[in-house]
2 protein chains.
Amino acid sequence: MLHSAVLMPKPTFFNLSEKKRQKITDLAISEFASADYDNASISNIVKQAKIAKGSFYQYFEDKKDLYLYLVDSASVQRIDFIEAARKAEKSKQKRDFFRELRWRFGISIQFSLHHPQLTQIINRAAYSDSPVKKEVFQRLQAAYKKPIHDLVERGIANGDLRADLDPDLATFMILTTADNLRYFIPEKLEIDTEALTESAEIVLDMQGVERIFDGLIQVLERGMGSTTA
Amino acid sequence: MLHSAVLMPKPTFFNLSEKKRQKITDLAISEFASADYDNASISNIVKQAKIAKGSFYQYFEDKKDLYLYLVDSASVQRIDFIEAARKAEKSKQKRDFFRELRWRFGISIQFSLHHPQLTQIINRAAYSDSPVKKEVFQRLQAAYKKPIHDLVERGIANGDLRADLDPDLATFMILTTADNLRYFIPEKLEIDTEALTESAEIVLDMQGVERIFDGLIQVLERGMGSTTA
DNA sequence: CTAGAGTGTGACCGACAAGTCACATGCTGC
DNA sequence: GCAGCATGTGACTTGTCGGTCACACTCTAG
């Protein structure tokens, strides 16, 4: 995803002062987080950013260019966030498959609480229509899927998971469930969905979330775990 | 969902000859199946149907009106399809929870193969942006969720499912997994996704599908099933 | 034959979008 | 001070949309 793509905008964009560039980026994120590709409006972004339409097109080739930049950048930030969290961990002890999985669920939630708009962009990218939907979907899908798939393979290899488990199927179930937790958690904990996508500061009933994770991991562990363990 | 809503269009629409009404409906379905709410174009529908723009607005209040009609009608057709399949069954013997679940997975696939456009509309309705997204999402969600939730409750009551299982969580996992099978199956069986949403006649590797169901049900059964059974 | 309700029509309107371009401004090296 | 390049500008073009409306047609009741 990242390697070749990360800086799609024109060089002029990166010549801008940090402040101006950040302002434009922030407003663009906000726009694409609150509306899907078609409804997000360049006109609106430039109005808010108080720059001329023409200037915008000095920075970006076109709407797609900006969009891909935002999706990539959101995706990279997510990966960095997870990396950072992993490095920040004290205990070096390895977790077994399901403890590791649980940890990842937790981190995902953390990211979406800290960066609701980036999360929104990523979520939209995968499902809402856009001229580049297919490509973006596959990129994101691969980026999300690979780590889990690897984890599953390792889990099978080291006996945490049943040997006869289909790794593709297991990966699918885990990813799908994790991804849709964003609908289930607010519903179960009776939280206003609107608020989650806007404010950066949400107090979540962490105990409630933990309980959901417990239930989830329990089902997955019984369902996929090796019986000898 | 159905009760009050099913016939949103104006009476004039139902005064139309069966043929004309069907033509308009079919073209509208096709339009809203191939584009999301915003990109679906009334202008395009009337052009294809060879009726005047003004005529369209004699039949429907506005774009939302048509859209809600289509979503409702797709939803009703899905329910009818399942009902019909159930009635067509010879054996009256009751299935246990997981056999019942498996049967429902199968029927869902059948419906999406027989009515790819209706399926597309329903899928879009739940996730893509529209002025009535929230309402539609909740309606559909409820319509899908309730039957499964009931099934789960019964499963727990009769001992097919663990007594300590959270019914909401179980329902969520089942629904989410079932819903996303539409991504997994084509990927796993290496089928062109495009084709699935267009043609009505697709030959699916049913053995492959059965194998996926087997794996899925196995995980769910071990994960949620009562250990005594 | 005619009055008038119901139906059909498509040019038209206002809104808004993405993207362009001729021109203005600022900035640097000479 | 000035040539010339990079950057900034916003009115403008082109396109599409949802929705309207003054008018035409049709068909039935009297």
Side-chain angles (χ1 to χ4, degrees), chain A residues 7-25 27-28 30-71 124 128-133, chain B residues 7-25 27-28 30-71 124 128-133:
Chain A
L7 32 124
M8 307 281 294
K10 299 183 185 177
T12 45
F13 181 63
F14 297 104
N15 292 342
L16 256 34
S17 74
E18 174 70 23
K19 200 177 161 189
K20 194 168 180 184
R21 197 170 66 240
Q22 200 50 246
K23 187 176 177 187
I24 294 170
T25 307
L27 286 166
S30 172
E31 182 73 12
F32 277 87
S34 68
D36 63 17
Y37 182 87
D38 285 301
N39 286 83
S41 156
I42 305 292
S43 302
N44 193 27
I45 294 170
V46 301
K47 195 160 65 187
Q48 305 259 348
K50 291 185 189 103
I51 61 171
K53 196 78 157 288
S55 296
F56 175 87
Y57 284 93
Q58 304 254 23
Y59 310 145
F60 297 92
E61 207 61 58
D62 53 22
K63 193 180 186 179
K64 266 192 315 195
D65 192 16
L66 168 63
Y67 177 66
L68 288 175
Y69 172 65
L70 292 180
V71 172
R124 274 187 200 286
S128 82
D129 282 2
S130 89
V132 286
K133 170 177 174 170
Chain B
L7 34 123
M8 306 282 291
K10 298 183 184 176
T12 45
F13 182 62
F14 297 104
N15 292 343
L16 255 34
S17 74
E18 174 69 21
K19 200 178 161 188
K20 193 168 181 183
R21 196 169 67 240
Q22 201 50 246
K23 187 176 178 186
I24 294 170
T25 307
L27 285 166
S30 172
E31 181 73 12
F32 277 87
S34 68
D36 62 18
Y37 182 87
D38 285 300
N39 285 80
S41 155
I42 304 293
S43 302
N44 193 27
I45 294 170
V46 301
K47 196 161 64 188
Q48 306 259 347
K50 292 185 189 99
I51 61 171
K53 197 78 158 286
S55 297
F56 175 87
Y57 284 92
Q58 304 254 23
Y59 310 145
F60 298 92
E61 207 61 59
D62 53 23
K63 193 181 188 180
K64 267 193 315 197
D65 191 16
L66 168 63
Y67 177 66
L68 288 176
Y69 171 66
L70 293 180
V71 172
R124 274 188 200 288
S128 83
D129 281 2
S130 90
V132 285
K133 170 177 173 169

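The shown structure was predicted, so the numbers you read here are calculated from the model rather than taken from an experiment. Throughout, protein chains are lettered first and strands after them, A, B, ... in sequence-line order, and every chain is numbered starting at 1. Atom set for the values below is all heavy atoms of this structure, side chains included, hydrogens, waters and symmetry mates excluded.
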Nucleotides bounding contact with chain B, strand DNA chain D, heavy-atom threshold 4.0 Å: D:dC17 to D:dC21
Contacts of B:S34 that satisfy side chain to side chain donor-acceptor pair (under 3.5 Å) - sequence neighbours left out: none
Spell out protein contact along nucleotides 22-28 of chain C as letters: B when the base is contacted, S when just the sugar-phosphate is, - when no protein heavy atom is under 4.0 Å; keep the 5' to 3' order. -------
How many whole angstroms separate atom OH of A:Y67 from atom P of C:dA18? 14 Å
With a 4.0 Å heavy-atom cut-off, tell me which residues in residues 50-59 of chain B come close to DNA chain C, sorted by residue number. B:A52, B:K53, B:G54, B:S55, B:Q58, B:Y59
Under the side-chain contact (heavy atoms from CB on, under 4.5 Å) rule, collect the residues that match up with A:S128, sequence neighbours excluded. A:D36, A:R124
Results of side chain to side chain donor-acceptor pair (under 3.5 Å) for A:S43 - residues two or more places apart only: A:K53
Summary of side-chain hydrogen bond (donor to acceptor under 3.5 Å, both in side chains) pairs that have at least one residue in residues 58-68 of chain A, sequence neighbours excluded: none
What residues, two or more places apart in sequence or in another chain, satisfy ring-ring contact (aromatic ring centres under 6.0 Å, His included) together with B:F13? B:F60, B:Y69
Kindly write out the residues that satisfy side-chain contact (heavy atoms from CB on, under 4.5 Å) with B:N44, not counting sequence neighbours, or none if the list is empty. B:E31, B:S41, B:K47, B:Q48
Neighbours of DNA chain D within residues 38-48 of chain A, by heavy-atom distance under 4.0 Å: none
Can you list the residues that meet the salt bridge (Lys or Arg N to Asp or Glu O under 4.0 Å) rule with A:K133, with sequence neighbours excluded? A:D129
